[in-house]
Amino acid sequence: MEIIRRKTLKEKPAMDNSLGFGHYFTDYMFTMKYTAEKGWHDAKVEPNEPKPFDLATSIFHYAQGIFEGMKAFLQPDGSIAVFRPEENWARMNRSATRMCIPNFPEDVVEEGLETLLKLEKDWIPTAPGTALYIRPTIVATRVMLGVHASTEYLFFIILSPVGSYYAHGLEPTKLIVEDYYTRATLGGTGEAKCLGNYAASMKAGEVAEEKGFDQVLWLDANEKKYVEEVGSMNMFFVIDGEVITPALVGSILPGITRKSSIQVLRDKGYKVTERRISIDEVIEAEKNGKLNEAFGTGTAAVISPVGLIRYKNVDYTINGGKMGEITGMLYDTITGIQYGRLPDPYGWRKIIK
Ligand code: COI
C-alpha cells in the first residue's frame with residue numbers, strides 16, 4: 001500500500017478522557033477513489049489534510065454517503081486490536097447497496113486500515129475509557145446536480161482519539177421518548193448507516209438536550225408504539241430477569257456491539273429475546289417493579305446504562321438511577337475483550353502487529 005508521508009506531525013492533545021468524542025484527528029488517512037471507468041482504485045495512505053471540493057459535488061446536495069464506526073485498542077503486549085472489523089466492512093457494503101454506492105473490496109480497505117493503524121500507533125490513547133475511533137466513510141464526489149446515483153466516489157478512513165461518548169462517562173444516561181418525530185420508516189434507510197439518518201435525528205436531539213436529556217429514544221414510525229433505538233445505541237431492557245432487545249425489523253441499525261452483547265449474554269446463561277417491545281410494556285414493567293435494568297450498546301457508546309426514561313412528561317427512574325448488575329458485567333466483558341484484559345473466546349480481536 002502506497003504511503004505518502006507528511007513533513008511535520010501534528011501536536012497531540014492530552015490523551016485522557018478530556019479528549020471527548022471526535023474533536024481530534026490523526027496525521028494520516030486512508031483514501032480510495034471510484035470512477036465508473038476504473039472501479040475502486042488508487043488506494044493509499046496520505047496526510048490527513050483538508051481537500052478542496054467543487055460546491056456542486058453531489059454529496060453536498062443529496063447526502064449520498066455512508067459511514068461506519070470502529071475502534072482500535074492498544075493491547076497489554078503492545079499490539080493493536082480492532083474489534084470485529086469484518087462485521088463493519090460487511091455492514092458498510094450492505095449500506096452501500098441500499099444507497100446505490102458500488103460495493104468496495106473489503107480486503108483492500110482492511111489492508112488500508114492496518115497500514116494506517118501501524119503508522120498511527122502513537123495516537124491510540126491508553127487512559128481508561130479511551131480508544132482510537134475509526135471512521136470509514138464513502139461520499140459521492142461527482143460534480144452534478146441531477147438526482148441520480150453518482151458515478152464517482154471517495155472512500156476515506158480518518159482516525160480520532162476519543163474518550164467517553166457521553167460527557168458524564170459511565171454515569172447512567174437520561175433518555176426522552178420521542179413521540180412526534182421519527183428516525184426511520186420501514187422501507188426507508190433506517191438499517192443503513194447513511195449520513196441522512198443522522199441529520200434527520202438532530203431536531204429531536206436538540207429539543208431533548210434543551211430539556212436536559214442525553215439522547216432520544218425513538219419509536220416506530222407507524223404506530224409510535226414500539227421501541228426502536230437511540231440513534232447512537234441499540235436498546236436493551238432487563239424485565240423480570242429476561243433481556244429483551246428490539247428485533248431488527250428493517251428500520252433499526254444492526255449494531256455490532258448489539259450482536260456481540262446478545263452472544264455474551266446468552267453464553268453466560270441469560271435469556272435474551274429479540275422481539276418488538278412496546279414503550280407501554282417498558283413503562284408497565286417499571287411501574288410493577290419488574291424493569292430491572294436498561295442499557296444501550298454501540299461502538300462509540302460501548303455499553304451505556306440508562307438511568308431514566310421520560311415518556312409523556314413522566315420520568316421513570318430505572319434501578320435507582322444506577323448501573324445494573326447485568327449492564328456492569330456486560331461492560332466488563334466487552335471492554336475486557338477489547339482492551340485485552342480478558343481472553344477472546346470468540347476471536348473478536350483482530351490483532352495488527
Ligand atoms: C458509532 O457508535 O460508531 C456510531 O456511529 C454512532 C454515532 C457516534 C454516530
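Counting starts at 1 for both ligands and their atoms, following the listed order.
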task: State whether Arg183 and Glu229 are salt-bridged, where the test is any N-O pair (Lys NZ or Arg NE/NH1/NH2 against Asp/Glu carboxylate O) under 4.0 Å.
output: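 Answer for the salt bridge query: yes.
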
- prompt: Which ILVMFWY residues are connected to Tyr62, directly or by a chain of links, through side-chain heavy atoms under 4.5 Å apart?
  reply: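 Hydrophobic cluster check, Tyr62: joined to Leu145, Val147.
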
query: Do we see a donor-acceptor contact under 3.5 Å between the side chains of Ser18 and Asp16?
result: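 Yes - a donor-acceptor pair under 3.5 Å links their side chains.
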
message: On the six-membered ring of Trp40, is Lys33 placed so that its NZ or CZ lies under 6.0 angstrom from the centre and within 45° of the ring axis?
response: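 No, cation not above the ring by the 6.0 Å, 45° rule.
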
query: According to the side-chain hydrogen bond (donor to acceptor under 3.5 Å, both in side chains) rule, which pairs have a member within residues 50-61, sequence neighbours left out?
result: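 Counting only pairs at least two positions apart or across chains, the side-chain hydrogen bond (donor to acceptor under 3.5 Å, both in side chains) contacts touching residues 50-61 are Glu46-Lys51.
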
- prompt: Taking any residue with a non-hydrogen atom under 4.0 angstrom from an atom of ligand 1, which ones do you get?
  reply: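 Within 4.0 Å of ligand 1, the protein residues are Phe21, Phe67, Gly69, Tyr133, Arg135, Tyr165, Lys193, Tyr198, Thr299, Ala300.
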
Qualifying ring-ring contact (aromatic ring centres under 6.0 Å, His included) pairs with a residue from residues 289-323, counting only residues at least two apart or across chains: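 For residues 289-323, and leaving out neighbouring residues, the ring-ring contact (aromatic ring centres under 6.0 Å, His included) pairs sorted by first residue read Phe236-Phe295.
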
